[in-house]
Amino acid sequence: MNKALRPAVIAGNWKMNKTPEETGALIKEIAPLTENAACEVVVCVPFVDLHAALTATGGTSIKVGAQNCHFEASGAFTGEISAPMLKSIGVEYVIIGHSERRAYFGETDITVQKRTRAALDAGLTVIVCVGETLEQREQGITRELCALQSKIALQGVKSDELGRIVIAYEPVWAIGTGRTATADQAEEVCGWIRDTLAELYGRESADGVSIQYGGSMNAANAYELLSKPNVDGGLIGGASLKAKDFAEIVKATNR
Ligand code: PEP
């Protein structure tokens, strides 16, 4: 298993935080601290902050992402934003299927699949989130669940599109709780997800896909998590709102 086969991606999920003005200020803090990053650095900001983020990241290598997109390109979908709209303003990444969207906004494996397809068609790179609840972990179905979520999300995704797929393994019980999966737990599930990708696309293609861990990753635990062979990067919530902590996580990908 060779981590050099795939890019490490550290993405900040800012969730529903920061105004456009605050966005510009935080990116100005993050940019110099992540200048020589050994990984792809992404900030996924609220829709209203995208313009400010694109302006503030100009001249840096930081990429901008959204936190969701609709699966139709346009039409009567009040309050929604489409993938081509995101692409048209210069957004490169989009998070799809975050557990908060699954839990609070009726996101299902099928809508995750449709949004993933739409985002790829628009030319975006997709961070597809999968992960089990505490109850599912205790039932011993983590492996099957993550395999099923991954398989449904990737239905119809061709192997030559895998370069624009990042899988984020996010155990629901670890998100925003301060309770991180151990490095061994993260490695075990990321390895299972890679096995699922190998089942679908072959081992060589699977080895080229970047898999993130997400769930209370912070400056203190990032090194151990990211040292694991199948944990390529991170999807970072709380710690991505603190420039120094986020930059420390970015540094931890140095391998
Ligand atoms: C997330 O929102 O994807 C996340 C992992 O949040 P946190 O780092 O705050 O647990």
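Side-chain atoms are counted along with the backbone in the values below, which use heavy atoms only and exclude waters and symmetry mates. Atoms within a ligand are numbered from 1 in the order they appear, just like the ligands themselves. On a predicted model such as this, the values are computed, not experimentally measured, just so you know.
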Protein residues having a heavy atom less than 4.0 Å from any atom of ligand 1: Asn13, Lys15, His98, Glu170, Ala174, Ile175, Gly176, Gly214, Gly215, Ser216, Leu235, Ile236, Gly237, Gly238
Set of residues satisfying ring pair (Phe, Tyr, Trp, His ring centres under 6.0 Å) with respect to His51, sequence neighbours excluded: none
Residue pair Leu50 / Gly65: nearest heavy atoms and the distance that separates them: CD2-O, 3.6 Å
Distance (rounded to the nearest 0.5 Å) between Lys228 NZ and Lys3 NZ: 10.0 Å
Considering only distance and modelled atom types, tabulate donor-acceptor pairs under 3.5 Å from the side chains of residues 33-48, sequence neighbours left out.
residue : atom : partner : partner atom : Å
Thr34   : OG1  : Ile30   : O            : 3.1
Thr34   : OG1  : Ala31   : O            : 3.4
Glu40   : OE2  : Tyr93   : OH           : 2.7

Listed once per pair and sorted, the salt bridge (Lys or Arg N to Asp or Glu O under 4.0 Å) pairs that draw on residues 115-141, sequence neighbours left out: Glu107-Arg115, Arg117-Asp121, Arg117-Glu161, Glu132-Arg137
Ion pair check, Asp232 and Arg6, cut-off under 4.0 Å: yes
